[in-house]
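Note that this is a predicted model, so its numbers are computed, not measured. Letters go in sequence order (proteins before strands), and every chain restarts at 1.
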There are 2 protein chains.
Amino acid sequence: MTFKRTNPLALAVLALLSERPMHPYEMAQTMRERHQEEVIKLNYGSLYTVVEQLHRHELITAGATQKAGNRPERTVYAVTEAGTAELHDWLRELIAVPAKEYRRFEAGISMVGLLPPHDALAVVEQREAAVGEQLTALAVLLEKLAGMGLPQLAWIELDYRMAMLRAERAWLAWFAAATRDGTVGGYEDWEDKHR
Amino acid sequence: MTFKRTNPLALAVLALLSERPMHPYEMAQTMRERHQEEVIKLNYGSLYTVVEQLHRHELITAGATQKAGNRPERTVYAVTEAGTAELHDWLRELIAVPAKEYRRFEAGISMVGLLPPHDALAVVEQREAAVGEQLTALAVLLEKLAGMGLPQLAWIELDYRMAMLRAERAWLAWFAAATRDGTVGGYEDWEDKHR
DNA sequence: TCCCGTATATCCGGCGCAGAATATACTGGT
DNA sequence: ACCAGTATATTCTGCGCCGGATATACGGGA
């Protein structure tokens with residue numbers, strides 16, 4: 001069986017190991033330091049499973065377990081050639097091919113007609129505010145990173161996220177306005193149904 | 001234990017049953033007809049598990065199993081009052097609170113520096129094209145739905161998705177341009193590393 | 001020196017989900 | 001009348017993931 005590209009955590013592992021050999025716990029530390037867990041869900045349980053998977057498929061090799069100091073034993077892994085190839089190919093796929101992702105907000109908004117217009121407006125406005133806060137937080141972070149002399153390429157995903165959040169906020173603002181003054185298509189029926 | 005709002009399929013079930021009682025297979029049919037599976041992942045295995053869960057939590061009740069014609073037995077479910085309350089509350093939460101979602105593209109683009117600039121540009125352009133196609137497909141669909149006399153509120157989630165796709169395309173175009181003429185911050189190091 | 005909280009490092013049990021397989025009944029063509 | 005293919009309905013089983021449990025070492029205060 002060929003390796004299944006399900007958990008992106010495996011991608012992170014390959015990327016980290018292509019810098020230098022590490023043991024799982026160290027990977028987790030490094031991911032935390034670099035704020036990678038912003039983008040890829042980190043979870044110790046999953047980490048060890050994923051490492052084992054990669055090992056089974058010989059995308060990484062396990063070095064001897066060492067005991068440094070007197071801490072628990074730890075296994076140091078290194079990436080293989082096949083592993084690097086997998087990393088690059090997976091990356092290309094992730095970027096080139098838009099994957100179908102089921103976003104929770106889409107599910108919610110698709111049923112917004114089930115809520116009375118007044119309630120709907122309230123929750124949409126709440127989200128608008130929340131998204132606004134995320135945007136200012138992101139702006140602060142970007143400021144800081146740029147100030148530290150990090151190149152744009154190092155935080156390009158935040159740039160992307162910022163663009164998406166801006167678009168979402170704009171859409172929410174439009175929808176809120178259209179709900180407030182009843183110009184959203186189908187408003188009459190909506191009002192009538194909830195009376 | 002209180003009901004866990006994990007699988008959005010449960011949301012769809014509650015919404016469908018708040019129209020009229022149904023058996024699981026019928027729910028699936030209806031979801032298909034209404035193109036709800038565009039927004040909420042439908043899968044027979046999950047459907048039956050989710051229905052059972054809702055039943056355990058008494059958010060829906062099971063009617064007697066009937067045999068229509070001579071087809072397999074089927075159990076018809078109906079929503080309870082607690083179920084309707086759950087539906088509305090869940091909906092409000094989904095809309096009001098932006099959930100942390102780990103998008104695959106963000107994971108990919110965050111590591112784009114691992115690919116040589118030339119490859120990176122190629123895959124970004126591929127995605128740009130793909131997103132463009134999704135946009136035209138969506139535009140056609142919206143045209144059709146509006147032509148059928150359906151109110152905007154009935155396909156509001158597509159409107160949202162369209163806005164997001166436009167923003168993504170714009171960002172991709174920017175990034176592709178910045179990569180082509182080397183104006184993305186950190187381009188020199190990027191070039192140097194891959195030689 | 002004793003104790004407690006935190007850091008290091010891994011393992012494990014349970015559960016939800018997905019992709020089947022299963023079983024029967026219609027429908028249309030020859 | 002027969003067969004293949006599709007529609008109707010549900011069940012089953014494995015596997016990945018997650019949260020919490022486990023075990024040990026280190027550091028600092030009283």
Student: Please report, rounded to the nearest Å, how far the P atom of C:dG16 is from the CD atom of B:E52.
Tutor: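 Distance, rounded to whole Å: 10 Å.
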Student: Calculate the interatomic distance between A:M22 atom CE and C:dT8 atom P; express it in whole Å.
Tutor: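 In whole Å, C:dT8 P and A:M22 CE are 14 Å from each other.
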Student: D:dC17 phosphate, OP1 or OP2: any side-chain N/O from A:Q53 under 4.0 angstrom?
Tutor: yes
Student: Rounded to the nearest Å, what distance is computed from the CG atom of residue B:L47 to the P atom of nucleotide C:dG19?
Tutor: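 In whole Å, C:dG19 P and B:L47 CG are 14 Å from each other.
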Student: Mind running side-chain contact (heavy atoms from CB on, under 4.5 Å) on B:R5 and A:R104 for me, showing each step along the way?
Tutor: CA-CA 11 Å; B:R5 293 166 178 175; A:R104 297 221 276 280; over 6 Å; no
Student: Can you tell me if the side-chain N/O atoms of A:N7 get under 4.0 Å from OP1 or OP2 in D:dC17?
Tutor: yes
Student: For the side chain of A:P24, counting heavy atoms from C-beta on, which of C:dT8, D:dC18, C:dT10 is nearest?
Tutor: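 Output: C:dT10.
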Student: For the pair made of OH in A:Y77 and P in C:dT10, what is the distance, rounded to whole Å?
Tutor: 8 Å
Student: So, does A:S46 get its side chain near the phosphate of D:dG16, meaning an N or O under 4.0 Å from OP1 or OP2?
Tutor: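 For D:dG16, neither OP1 nor OP2 has a side-chain N or O of A:S46 closer than 4.0 Å.
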Student: Starting the side chain at C-beta, find the nucleotide from C:dA18, C:dT10, D:dT10 nearest to B:N43.
Tutor: C:dA18
Student: Assess, by modelled atom type and distance only, whether the side chains of B:Y48 and B:E52 contain a donor and an acceptor separated by less than 3.5 Å.
Tutor: no
Student: How is A:E26 classified with respect to the nucleic acid when contacts are heavy atoms under 4.0 Å: base, sugar-phosphate, or nothing?
Tutor: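 The residue A:E26 makes no contact with any strand.
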Student: What is the separation between atom CZ on B:R56 and atom P on C:dC15, rounded to the nearest whole Å?
Tutor: 9 Å
Student: Taking CD1 from B:I40 and P from C:dC17, how many angstroms apart are they, rounded to a whole number?
Tutor: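 Answer to the nearest Å: 13 Å.
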Student: Nearest whole angstrom, please: distance from the C1' of C:dG16 to the CZ of B:R5.
Tutor: 18 Å
Student: I need the CZ-P distance between B:F3 and C:dC15, as an integer number of Å.
Tutor: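 So the CZ-P distance, B:F3 to C:dC15, works out to 16 Å.
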Student: Both B:P8 and A:Y44 contact DNA chain C. Taking the nearest nucleotide for each, which residue is further toward the 5' end?
Tutor: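 The residue whose closest nucleotide sits nearer the 5' end is A:Y44.
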Student: Going by atom types alone, do A:Y187 and B:Q152 pair a side-chain donor with an acceptor below 3.5 Å?
Tutor: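 No - no donor-acceptor pair under 3.5 Å links their side chains.
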Student: My understanding is that only residues two or more places apart in sequence, or in another chain, count here; which of them pass ring-ring contact (aromatic ring centres under 6.0 Å, His included) with B:Y102?
Tutor: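 Here no residue qualifies.
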Student: Tell me the closest heavy-atom pair linking B:A120 and B:V112, and the distance in Å.
Tutor: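 The answer is CB-CG2, 3.7 Å.
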Student: Quick check for you: among D:dT10, C:dA7, D:dT8, whose closest atom lies nearest to any side-chain atom of B:Q29?
Tutor: D:dT8
Student: Of the nucleotides D:dA9, D:dG16, C:dC17, which has the atom closest to the B:T49 side chain?
Tutor: C:dC17
Student: Would you mind telling me which residue lines up with the more 5' stretch of DNA chain D, B:G45 or A:T6, judged by nearest nucleotide?
Tutor: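 Its nearest nucleotide being more 5', the pick is B:G45.
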Student: Can a side chain N or O of B:Y48 be found less than 4.0 Å away from OP1 or OP2 on D:dT11?
Tutor: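 For D:dT11, neither OP1 nor OP2 has a side-chain N or O of B:Y48 closer than 4.0 Å.
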